[in-house]
Amino acid sequence: MNTAAKLGSYVLGLAVVFGGALGMGRVVGPVATPPAAEAHAAMTAPTTAPATSAGHGEQATQQAKEDTPGGLQVSENGYTLNPLTTTIRPGEPTDFRFTVTGPGGAAVTGYQVEHDKKLHFIVVSRDLATFQHLHPEMAPDGVWSVGLRLPDAGPYRAFADFTPTGGSALTLGVDLAVAGDYGPRPLPERSRTTTVDGYTVTLDGELTPGQSSRLTLKVTKDGEPVTDLQPYLGAYGHLVALRAGDLAYLHVHPDGEPGDGRTKAGPEIVFHAEVPSAGDYRLFLDFQHGGKVRTADFTLGAGRRPAVPQATPSGHGDDGHGH
Ligand SMILES: [Cu+2]
């Protein structure tokens, strides 16, 4: 994904993933019982698949991958995410360790660099209120470690987004739990504007299930457009979308990249995203300016008429973001 071409194919791949899930009308299975990759492939492989002996395994594997959105399984295509750290206390920095084991059972040590990193590690609270995008370090034996601090008690979901050498891109997900009193927060209300650290980010565009949807995110500061965004991991912005309800993971990349002669350094960052179903999504945009990476978050509905604000005096009367 370091080249525009690979970016394109990645986005297309995601489109196929979600299109497949939608077309099959499948209900995503519970995260606690990930099917074995082989069985899954057998269940979902189309009967029309050419029964060639060479490359059949790869084809079945690919089919399995295309049917399920990323991040919902702890094990997929023979690759398994294994947390080695089991206790996380609220607010305490933890050296979080994990491995990814491959089809042979050994820890994977060969990864393709994607967006400057071999592995991207995303951690969110299951209520989708908090988001962290981290980059663990790998020891020669394949054990990854990263400083992780989870502020509050409760359930979390961690995603490892990577491409094993010679394999295809995968996002594996695992639940993490922080012991203590937990008060789940409601999903933040839908909003097309958000502020972070003095920056205002506005979102334009609609998410249409099953269709590539153009989203434009515009960054301003003190009312002025920001036109000198800095490349972060090879792009002016990284957008992660998570589906409310099951946290299906969609990593979207911008249209164009720094230095391609056509992509401006803000204030607008354009993305193409395809979501698998109607409903709410949480969007997290990482962008860099002034040497610091910040995350802007949104709740965006897909495929339904935007919620009509209730005409109550205490309602959010200032929330009418026309576009
Ligand atoms: Cu990353």
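As the structure is a prediction and not an experimental result, all values here were calculated from the model. Indexing begins at 1, ligand by ligand and atom by atom, following the structure's order. By convention here, the first residue in the shown sequence is residue 1.
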| Is there an N/O/S atom in His238 at a distance below 2.8 Å from the Cu ion (ligand 1)? | no

| said: Please name the atom of His120, limited to N, O or S, that comes nearest to the Cu ion (ligand 1). | reply: ND1

| request: Please work out whether the ring planes of Phe284 and Phe131 are parallel, tilted or perpendicular, with thresholds of 30° and 60°. | output: parallel

| Does Tyr199 have its ring centroid less than 6.0 Å away from the ring centroid of Phe287? | yes

| message | Taking backbone and side chain together, does His135 place any N/O/S atom at a distance below 2.8 Å from the Cu ion (ligand 1)? | response | yes

| said: Is the distance from the ring center of Trp144 to that of Phe162 below 6.0 Å? | reply: no

| task | If you link ILVMFWY side chains whenever their heavy atoms are less than 4.5 Å apart, which other residues fall into the same cluster as Leu84? By chain and number, please. | result | Val143

